[in-house]
Amino acid sequence: MRLPGRRPPGSFFARDPLVVAPELLGKLLVHAPADGEPTAVRIVEVEAYRGSSDPASHAFRGPTRRNRTMFGPPGRLYVYFTYGMHWCANVVCDLPGDAGAVLLRAGEPVFGIDVMQARRPAARRLRDLASGPARLCQALGIDGALDGTDLRAGPVWLRDDGVPPPEAPIVTPRIGLTRGTESSWRWVVGGNLHASRPANGGVSPEGR
DNA sequence: GGTGTGATCGTA
DNA sequence: ACGATCACACCA
């Protein structure tokens, strides 16, 4: 199978997650296993996490077995297990020395929709398929076995097919935190129905 | 449309 | 103990 779009250069990931996060909006996230059905979503919602300076980050208290991927090179997939049952995926992106990441919170299904629906029978509508960090992983078949995957080598890929990030994404505080709630480090494609929750109430820099 | 709650377990 | 969550029940 020929994947759509181009791989971002390695330098794309080697920047502050606050800069990378909004640029991930509109990119394709593809899971194309060698022995399985390819599936893909277009990223519509992300959150940035910094390292040592961000009390909400898994990296805040230094490296552990769980978060070691965050302390490795940028451009890898950091997959973690939470609430005893859910997987969530991040793009590791930071300059060396401060473990940063971008949590992939929601995507719009674009390929292999039938496969994703079979993986998520609880999703009654298309907009329920990948509208949440754990839903997105479930739809794409991403779990802990893919932690550490190089996003430029697969089988999970990030691709740029020419759809640009929105000029005025919705900006809000991050979801589900008890600390770090003062920072508005969540970005959502305005008006998109596949976000994890309605993207109003947030601030759009240009008013859109 | 909205809110409230139980599930379930690795990690610190 | 507690989570970068989800699904379903229940009320409106």
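Per chain, numbering begins at 1; letters A, B, ... match sequence-line order.
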*Asks:* Base, sugar-phosphate alone, or nothing: which one does Ala134(A) contact when heavy atoms must sit under 4.0 Å apart?
*Replies:*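 Answer is sugar-phosphate: Ala134(A) comes under 4.0 Å of backbone atoms only.
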*Asks:* Classify Leu103(A) by what it touches in the nucleic acid, base, sugar-phosphate, or nothing, heavy-atom distance under 4.0 Å.
*Replies:* base
*Asks:* Can the positive tip of Arg15(A) be found less than 6.0 Å from the middle of the six-membered ring of Phe12(A), inside 45° of the ring normal?
*Replies:* yes
*Asks:* What's the separation between atom CG in Asp54(A) and atom OG in Ser183(A), rounded to the nearest 0.5 Å?
*Replies:*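 It is 6.5 Å, given to the nearest 0.5 Å.
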*Asks:* Roughly how far, to the nearest 0.5 Å, is CZ of Arg42(A) from CG of Leu28(A)?
*Replies:*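 The CG atom of Leu28(A) sits 4.5 Å away from the CZ atom of Arg42(A).
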*Asks:* Distance check needed: dA7(B) C1' versus His86(A) NE2, whole Å only.
*Replies:* 8 Å
*Asks:* Return the CZ to OH distance between Phe60(A) and Tyr49(A), rounded to the nearest 0.5 Å.
*Replies:*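 The distance works out to 14.0 Å.
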*Asks:* Looking only at the side chains, is there a donor atom on one of Ser131(A) and Arg135(A) sitting less than 3.5 Å from an acceptor on the other?
*Replies:*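 Short answer, yes.
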*Asks:* Select base, sugar-phosphate, or nothing to describe what Arg65(A) touches, counting heavy atoms under 4.0 Å on all strands.
*Replies:*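 No contact.
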*Asks:* Both Thr178(A) and Arg124(A) contact DNA chain C. Taking the nearest nucleotide for each, which residue is further toward the 5' end?
*Replies:* Thr178(A)
*Asks:* For DNA chain C, note the earliest and the latest nucleotide, 5' to 3', having some atom under 4.0 Å of a heavy atom belonging to chain A.
*Replies:*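 Contact boundaries, 5' end first: dG3(C) to dA7(C).
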*Asks:* When Tyr78(A) is tested against each of Leu103(A), Val91(A), Val102(A), Asp147(A) for side-chain contact (heavy atoms from CB on, under 4.5 Å), which residue passes?
*Replies:*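 Looking at Leu103(A), Val91(A), Val102(A), Asp147(A), the match for Tyr78(A) under the side-chain contact (heavy atoms from CB on, under 4.5 Å) is Asp147(A).
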*Asks:* Return one dot-bracket line describing DNA chain B 5' to 3' (Watson-Crick or G-U wobble pairs, both distances under 3.5 Å; ( ) same strand, [ ] crossing, | another strand, . none).
*Replies:* |||||||.|||.
*Asks:* Are Tyr80(A) and His58(A) near enough that their ring centres are under 6.0 Å apart?
*Replies:* yes
*Asks:* How about Ser57(A) and Arg50(A): does a side-chain donor come under 3.5 Å of a side-chain acceptor?
*Replies:* no
*Asks:* What residue among Ile170(A), Leu25(A), Val171(A) forms side-chain contact (heavy atoms from CB on, under 4.5 Å) with Val188(A)?
*Replies:* Ile170(A)
*Asks:* For DNA chain C, determine which residues of residues 73-85 of chain A have any heavy atom closer than 4.0 angstrom to one of its atoms, and list them numerically.
*Replies:* Tyr80(A), Tyr83(A), Gly84(A)
*Asks:* Quick one: label Arg61(A) by what it contacts on the DNA or RNA (base, sugar-phosphate, nothing), any heavy atom closer than 4.0 Å.
*Replies:* nothing
*Asks:* Got a second to check how far Asp160(A)'s CG is from Glu23(A)'s CD, nearest 0.5 Å?
*Replies:* 10.0 Å
*Asks:* Could you point out which residue of Arg197(A), Arg186(A), His194(A) forms a side chain to side chain donor-acceptor pair (under 3.5 Å) with Glu45(A)?
*Replies:* Arg186(A)
*Asks:* Measure the distance from NE2 on His58(A) to P on dG10(B) and round it to the nearest whole Å.
*Replies:* 16 Å
